[in-house]
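Accompanying notes for the structure given below.
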Protein chains: 2
Amino acid sequence: MTGSSGNASGSPAPRKRADARRNEKTLLEAAAAAFVASGVDAPVRDIASKAGVGVGTIYRHFPTRADLVVAVYRHQVEACAEAGPHLLANSPSPYTALTRWVDLFVDFLVTKHGLAEALRSDDPTFSTLHAYFLDRLVPVCAGLLKAAAEAGEIRSDIAALELMFGVGNLCIGADEPRYDARRMVELLLTGLRLP
Amino acid sequence: MTGSSGNASGSPAPRKRADARRNEKTLLEAAAAAFVASGVDAPVRDIASKAGVGVGTIYRHFPTRADLVVAVYRHQVEACAEAGPHLLANSPSPYTALTRWVDLFVDFLVTKHGLAEALRSDDPTFSTLHAYFLDRLVPVCAGLLKAAAEAGEIRSDIAALELMFGVGNLCIGADEPRYDARRMVELLLTGLRLP
DNA sequence: TGCCAATCGGAACCAGGTTCCGTATATTTC
DNA sequence: GAAATATACGGAACCTGGTTCCGATTGGCA
C-alpha cells in the first residue's frame with residue numbers, strides 16, 4: 001500500500017513527469033500480458049513493442065528484470081504473506097494452517113510460467129526477485145512452522161528457508177502433464193509430520 | 001559395454017577416421033573438465049578451445065549439447081541404473097532399497113553443477129538429455145517403487161516418473177549453503193510411507 | 001512563449017549459440 | 001609412392017536476445 005511514489009522520510013519526493021507515470025503503467029500491463037503469454041522471461045523487445053515504447057524506457061523504469069517481475073506480482077505476494085497469520089488464527093491446527101498456506105504459495109507459483117525456475121536461477125538478473133520473495137515470505141513460513149512444531153505436529157529441524165526452497169523447486173515444470181507439483185508438495189509436507 | 005563403435009545389426013559400421021576418433025576423445029575430456037569447472041552449460045567456444053579444436057568440430061561430433069552431456073555422463077547413469085536391481089536384492093526391505101537408490105541418484109545430480117536444472121529445462125537443446133535419463137532410470141525406479149508398494153511399505157499412487165521429477169527438482173540449487181537437497185528428498189520419501 | 005531538466009527511442013554493442021564452406025588430411029586406389 | 005576421393009577440420013559469419021548510450025523530444029514552470 002505504499003503510495004504510488006510516496007517515500008515517508010522527508011525526501012524530495014519529486015513527482016515523476018506525467019508521461020513517465022503513464023509509460024510505467026502501460027509497461028506493467030504489457031509485461032503482465034507477456035508473462036502470461038510467454039513466461040517471465042519474455043524477450044525485453046517484445047514487452048517494449050507490446051507497450052509501444054523503446055527498450056530504453058523499460059530499463060529506465062525497471063533496471064533489472066527482477067524489478068519488473070516484482071512490480072507485476074507484488075500484490076499477489078503481499079496477499080500471500082498476509083494470509084499466513086490469518087490462516088494460523090482460523091485453522092483447526094497449526095499444521096493445517098501450514099498446509100493451506102503452502103497450497104496458496106504453490107497455486108501462485110504454478111500459474112506463473114517460469115517464475116519458479118527464475119526464483120532458483122543463480123542468474124544475477126534475478127537476485128533481487130529472489131531476495132524479495134525470501135524477505136517477504138520466509139518470516140511468514142517460519143511463523144507457521146514454529147507454531148506447528150510447538151504443537152508437536154511436525155519435526156522441528158527444518159528451517160523455513162529450506163522448506164520454501166524445496167517447495168519452490170517442486171513447482172518447477174508444473175506444466176508438464178505427467179507431473180503434479182501439488183501432489184509432490186503434499187508428500188513433502190506429509191514427510192514433515194511427526195508420527 | 002557396446003563396443004567403441006559396434007552396431008549389432010549388419011549395418012555398414014564405417015570406421016571413423018583416426019583424427020575424428022582422437023578429436024572425439026579429446027572433446028569428451030575437455031567437456032568433462034569444463035562441466036566440472038563451469039557447469040553443464042559451459043560456453044561451446046570454451047570447450048572447443050580447451051580441446052584445441054574449432055566449434056564446428058564439436059557440432060559435428062555432438063549435434064546438441066544434450067549429446068555431449070549424455071556422452072560425458074553415460075557411464076555414471078548406467079551404473080545408477082544397474083544398481084537398482086542389485087539394491088533390491090541386497091537390502092533388508094524394498095523401501096530401504098528405494099531410499100538407497102534415490103540417494104545414489106541424488107549424489108549423482110548434486111555433484112554435477114547445473115545438471116538438475118538442465119534436466120528440467122524445457123529448452124529443446126536438452127530434450128534428448130531428458131529422454132535419455134528418463135528412458136534409462138524410470139523403469140528402474142518403477143521396479144523399486146512397485147516392490148515397496150507390494151510389500152505394503154509405501155502408498156501406491158505415485159508414478160515413478162513423477163517421483164523422479166520431484167527428486168530431480170529438489171536437487172536444483174544444491175550448491176546453495178542454506179539448502180540441503182538430500183534432506184528435502186528424505187522428507188519426500190518419508191511422505192511416501194504408509195503409516 | 002521560451003527554457004531546462006526529465007524522459008524517450010532505438011541504434012549500437014556484446015555474448016553465446018549455430019551454420020556453412022573453403023581448406024586440410026586420412027584412406028583407398030592404381 | 002602418387003593421385004583420387006571421401007572425411008573431417010576450423011573459424012568467420014550470422015542470429016537472437018540482453019544492455020548501454022546519446023541525440024531528439026517533451027512536460028512543467030517562469
Side-chain angles (χ1 to χ4, degrees), chain A residues 4-5 7 11-28 30-31 34-35 37-69 114 117-118 121-129, chain B residues 4-5 11-28 30-31 34-35 37-69 71 114 117-118 121-129:
Chain A
S4 40
S5 69
N7 187 324
S11 65
R15 183 153 74 274
K16 278 199 281 212
R17 258 170 52 169
D19 56 346
R21 264 173 294 145
R22 187 161 7 94
N23 270 332
E24 182 165 329
K25 195 177 154 212
T26 311
L27 227 22
L28 236 25
F35 289 173
S38 339
V40 295
D41 31 40
V44 179
R45 276 180 256 255
D46 288 3
I47 301 176
S49 79
K50 206 173 291 223
V53 305
V55 288
T57 303
I58 289 198
Y59 281 95
R60 195 166 317 103
H61 288 282
F62 307 98
T64 73
R65 180 174 295 267
D67 296 315
L68 187 53
V69 176
E117 286 86 335
S121 116
D122 48 2
D123 183 334
T125 318
F126 286 117
S127 70
T128 74
L129 177 66
Chain B
S4 41
S5 69
S11 63
R15 182 153 74 274
K16 279 197 281 213
R17 257 168 56 167
D19 55 348
R21 262 172 295 145
R22 185 160 9 94
N23 271 332
E24 182 164 328
K25 196 177 155 213
T26 312
L27 227 23
L28 235 25
F35 289 172
S38 339
V40 295
D41 32 39
V44 179
R45 276 178 256 253
D46 287 4
I47 302 176
S49 78
K50 204 172 294 221
V53 306
V55 288
T57 302
I58 289 197
Y59 282 96
R60 196 167 316 104
H61 287 283
F62 308 99
T64 75
R65 180 173 294 267
D67 296 316
L68 187 52
V69 176
E117 286 85 337
S121 114
D122 48 2
D123 183 335
T125 318
F126 286 118
S127 70
T128 73
L129 177 66

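FYI, side chains are in, hydrogens and waters are out, and symmetry mates aren't considered; it's all heavy atoms of this structure. Just so it is clear: chains get the letters A, B, ... in the order the sequence lines come, proteins before strands, and each one is counted from 1.
- A:R60 comes within contact range of at least one nucleobase, with a heavy-atom separation under 4.0 Å.
- With C:dG17, D:dT20, D:dG18 as the choices, the nucleotide that has an atom nearest any side-chain atom of B:Y59 turns out to be C:dG17.
- Between the CZ atom of B:R15 and the C1' atom of D:dA8 there is a distance of 16 Å, rounded to whole Å.
- Rounded to an integer number of Å, the gap from CZ of A:F62 to P of C:dT7 is 13 Å.
- Put simply, CG on A:D41 is 14 Å from C1' on D:dT16, counting in whole angstrom units.
- One interatomic measurement links the two molecules: CZ of A:R21 to P of C:dA6, which rounds to 15 Å at whole-angstrom precision.
- Side-chain contact between B:K25 and B:L28 is absent, with no heavy atoms from C-beta onward closer than 4.5 Å.
- In this structure, CG of B:D19 is placed 14 Å from C1' of C:dT23, rounded to the nearest angstrom.
- A side chain to side chain contact (heavy atoms under 4.5 Å, CB included) with B:H61 is found for one member of B:L68, B:N23, B:D67 and no other, namely B:N23.
- A sub-4.0 Å separation between OP1 or OP2 of D:dA8 and a side-chain N or O of B:N23 is absent.
- The nearest whole Å value for the distance from the CD1 atom in B:I58 to the P atom in C:dT19 is 13 Å.
- The distance from the CD1 atom of A:I58 to the CZ atom of A:R45 is 10.5 Å, given to the nearest 0.5 Å.
- Residues B:R65 and A:H61 each lie close to DNA chain C; by heavy-atom proximity, the contact nearer the 5' end of the strand is made by A:H61.
- Distance from the side chain of B:P43 is smallest for C:dG16 among the nucleotides C:dG16, C:dG9, D:dT19.
- Residue B:R45 is classed as a base contact, given a heavy-atom separation below 4.0 Å to a base.
- Separating the CZ atom of A:F126 from the C1' atom of D:dG18 is a distance of 12 Å, rounded to the nearest angstrom.
- Side-chain contact check for B:F35 versus B:I47: some heavy-atom pair is nearer than 4.5 Å.
- Side-chain contact check for A:L27 versus A:T57: some heavy-atom pair is nearer than 4.5 Å.
- Along DNA chain C, the nucleotide nearest B:A18 and the nucleotide nearest B:A42 are compared for position; the residue whose nucleotide lies closer to the 5' end is B:A42.
- Here A:R17 does not reach the OP1 or OP2 of D:dT26: none of its side-chain N or O atoms lies under 4.0 Å away.
- B:D123 places its CG atom 8 Å from the P atom of C:dT18, with the value rounded to the nearest Å.
- When distances are taken from the side chain of B:V55 to each of C:dG10, C:dT7, C:dT18, the shortest belongs to C:dT18.
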